[in-house]
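These notes concern the structure reproduced below.
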Amino acid sequence: MARKDKGVDRRKFMAGAAITGAATAIPAGMAARAQTAAQQPTAAFVRRPSTAAAEAEMAGQVDPSPGTLGGPPGSDFMVDVLKSLDFDYVFSNPASSCRGIHESLVNYGGNKKPEFITCMHEESAVAMTHGYYKVAGKPAAALCHGTVGLQHAAMAAYNAWCDRAASFIMVGNRADAATREPGVPTIHAVQDPGSLIRDFTKWDDNPQSLQHFAESAVRAYKIAMTPPHEPVLMVVEEKLQENPIEKGAKPLVIPKLNMVAPPAGDPNAVRAAAQLLAMADNPVIVADRVARTPAGIKHLIELAEALNAPVIDQLGRMNMPNRHPLYQLGGALIPQADVILGLELTDFWGTVNKMDDSFAGEQRLRIKPGTKLISIGVGDLYIRANYQDFERYQPVDISIGADAEATLPMLTEYVRQAIPADRRAMIAARGEKAKKSFAAARERVMAAAAQNAWDASPVSSARLSAELWNQISNENWALVSRDSSLSNWPHRLWEVREHHQFIGGPGGAGIGYGLPAAVGASFAHKQAGGRLCVNIQNDGDSMSAPGALWTAAHHRVPMLTVMWNNRAYHQEIMHVQRMANWRQRDVSTAHIGTTIWDPYVNYAKVAEGLGHVGIGPITDPKELGAALKRGIEAVKMGEPTLIDVVCQPR
Amino acid sequence: MRRVIFVAAAAVTFGAASAFAAAPAPQGDATKGKANFERVGCWECHGHQGQGGNAGVRIADPVPLAWPAFLAWVRTTSGDMPPFTEKVLPNQDLVDIFAYLQSVPKAPDYRTIPLLALQVGR
């Protein structure tokens, strides 16, 4: 094996390090910090005095014995690079192809910033970065084993891709067949690791030197964080990890990270859009993944209020407070609109068309003739061929390839300028009307909640949502799951106000996202401090990756998981039912292969086995309030807790 | 609106062929109806009490269609709800389902439920 390089003179190496360090006057540990403050003026390149380990040795902090390598391993430098990018966590399932960097993370890096987070599946590891990104607003790293590990991770990468979530995925690999151990290490090696997930990562690289790694890692981070935010992949070559840093070579340098300013729309096109909106009688705004940051919410409200136009929230992110009178769920207003502004829509076609899930598959345009369509989003700037997440092609009247959040202030300003004096009263009246109808709509929602099998067993979606809201409304809460399986009752009953209180869905609808993404999001909430994380978890989804519960317990991430237990892959029952109906065959068999009965899964026990407080199963809605109270108390004591609630189908 | 007209028209067409299409509804057994509702899969999209959700509308409290229209709807619907012909759901079984849906008790007024009443105006 070529792992042990011949004698490197340790003392000379350290002396060299000291000289380089003195020349730049940036101690190793500080270099990383200097670069991460993107706004601070720093040199374009920060010189690294070889490694921080050498400096620590110089300071007498560590045993200066040369070990067996004859110099610090390359993966120590990789950790320096990760530290320079300000990663807090590396989510990983441990594996041999990553053992070098794994050891560097925990020993050289002190297992802090980034901390190694033990995951029980690579899919969970990447899904955790996905959930984390949507709360923290920055990527976390995932570290996967070559081939088999990355194959596991692939679906979670696809979810993140569809959901425009930044994730920094690393994969260990040894490309050199001549230095690979035979057997499993060779089976687990691959010529081109990136090819496994290249269709749904924005960029990948396979660095062949440590300097190459530094430059590509910084580039990858920057690309991941440029709209559309997407996952990226970095290969961490085993040889580079495990071999000592080359003696006498040019000093390694970590490039300074500077972020790309998101693209705003072309002013002429934005002006034309503003003109259409200002002159519309029934403008409607549709928002999918608009608010990348809390500022996005503010900008969207300003636009909506400038026009008094309703905003249909497609729930890709927390876009707008749901108690705002202009807030809307569902597409009922689409047929009345004369101008529709789509903001970061993944599916504009599906927004203005309806296709039945019937044998005929009837397709209908839902807008009236002459309705003008405007699109603002990064989807038009970036598209790949193979996977079909770009949806059907929808012709529009004005298409602005730009980041919606960055474009909204300009659009609002142009709208204000474009509204003629004689339309102001009409637009103000539209706002008054919206306020009045919002109050009435709220009463209708409450009446509908009462009619939603309020006292039934299994527990109804409205009842669960109302009981939960009753317990958390005075807390600093955050929902770390979507709510579509509950027919969106949380969004209908709760007050969702802050950007961090809702994170949208999986993006790619790949099953197994829910639990790990919730755990990843809860890591970010824990960092933010004091937030009560609530995960309403689909039962079927949870069984793809139950080990995520252990990760939360092991790393002391308090969160409340409420199992939305309809004891089925419920969507699939309905699919099989449709098939039987279309074919007019036995309509009583759709439960075969789709339900999770016989035996029922005892989720409270599963959770207990994975280090959670387990409560339930709760079948009687009258017992729910007390169970939730107990669960929340446990979470507040720092105990991750799961409450199994047996529920209606939707 | 278009759908309502369609249902009425279907009821007429259907009515010609079947005594079951006559109004008022033939006598049904709500207990059997509940079992049928579960067995043939209505619950999947409409909920165990017909309360509805994002996969199917509310069809109890009140039942939205009177008997002949209800029958016609179930037999001939061609949109997101798949049709159930007599071959897979005999008329008497559907009559029982109708009886079950009619037997679902009226929901309490939300103003009498503190969890909901407190929310209005908040």
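Each chain gets a letter, A, B and so on, in the order the sequences are listed, and its residues count up from 1.
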Looking at [options], which one has more heavy-atom pairs under 4.5 Å with chain B than the rest?
{"options": "A:R585, A:M355, A:Q584", "value": "A:Q584"}
{"options": "A:R463, A:M446, A:E467, A:Q571", "value": "A:M446"}
{"options": "A:T589, A:I573, A:N470", "value": "A:I573"}
{"options": "A:H591, A:K354, A:M574", "value": "A:M574"}
{"options": "A:N581, A:V445, A:D356", "value": "A:N581"}
{"options": "A:L493, A:N488, A:N566, A:D586", "value": "A:L493"}

B:L116 portion near chain A, given a 4.5 angstrom heavy-atom threshold: both

pair A:D483-A:L315: side-chain heavy atoms closer than 4.5 Å: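 The answer is yes, as the side chains (C-beta and beyond) meet within the 4.5 Å cut-off.
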
Pick whichever of [options] has the most heavy-atom pairs under 4.5 Å with chain A.
{"options": "B:A55, B:P105, B:P114, B:P83", "result": "B:P83"}
{"options": "B:R39, B:E38, B:R58", "result": "B:R58"}
{"options": "B:G52, B:G79, B:G53, B:G41", "result": "B:G79"}

Atom NZ of A:K368: over 12 foreign heavy atoms under 6.0 Å: yes

A:A360 portion near chain B, given a 4.5 angstrom heavy-atom threshold: neither

Segment of A:A439 engaging chain B (4.5 angstrom heavy-atom cut-off): neither

Plane angle bin for A:W494 and A:W469 - parallel if under 30°, tilted between 30 and 60°, otherwise perpendicular: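 Aromatic pair A:W469/A:W494 classed parallel.
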
Parallel, tilted or perpendicular, as decided by the 30° and 60° cut-offs, for the rings of A:H491 and A:Y327: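 Answer is parallel, since the angle falls under 30°.
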
Counting N and O atoms only, with roles assigned by atom type, does the side chain of [X] sit under 3.5 Å from a partner on the main chain of [Y], one being a donor and the other an acceptor?
{"X": "B:D96", "Y": "B:T31", "result": "no"}
{"X": "A:T351", "Y": "A:D347", "result": "yes"}
{"X": "B:D109", "Y": "B:R111", "result": "yes"}

Nearest non-hydrogen partners of A:C647 and A:W564, listed with the distance: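 In this case the closest contact between A:C647 and A:W564 is SG-CE3, 3.1 Å.
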
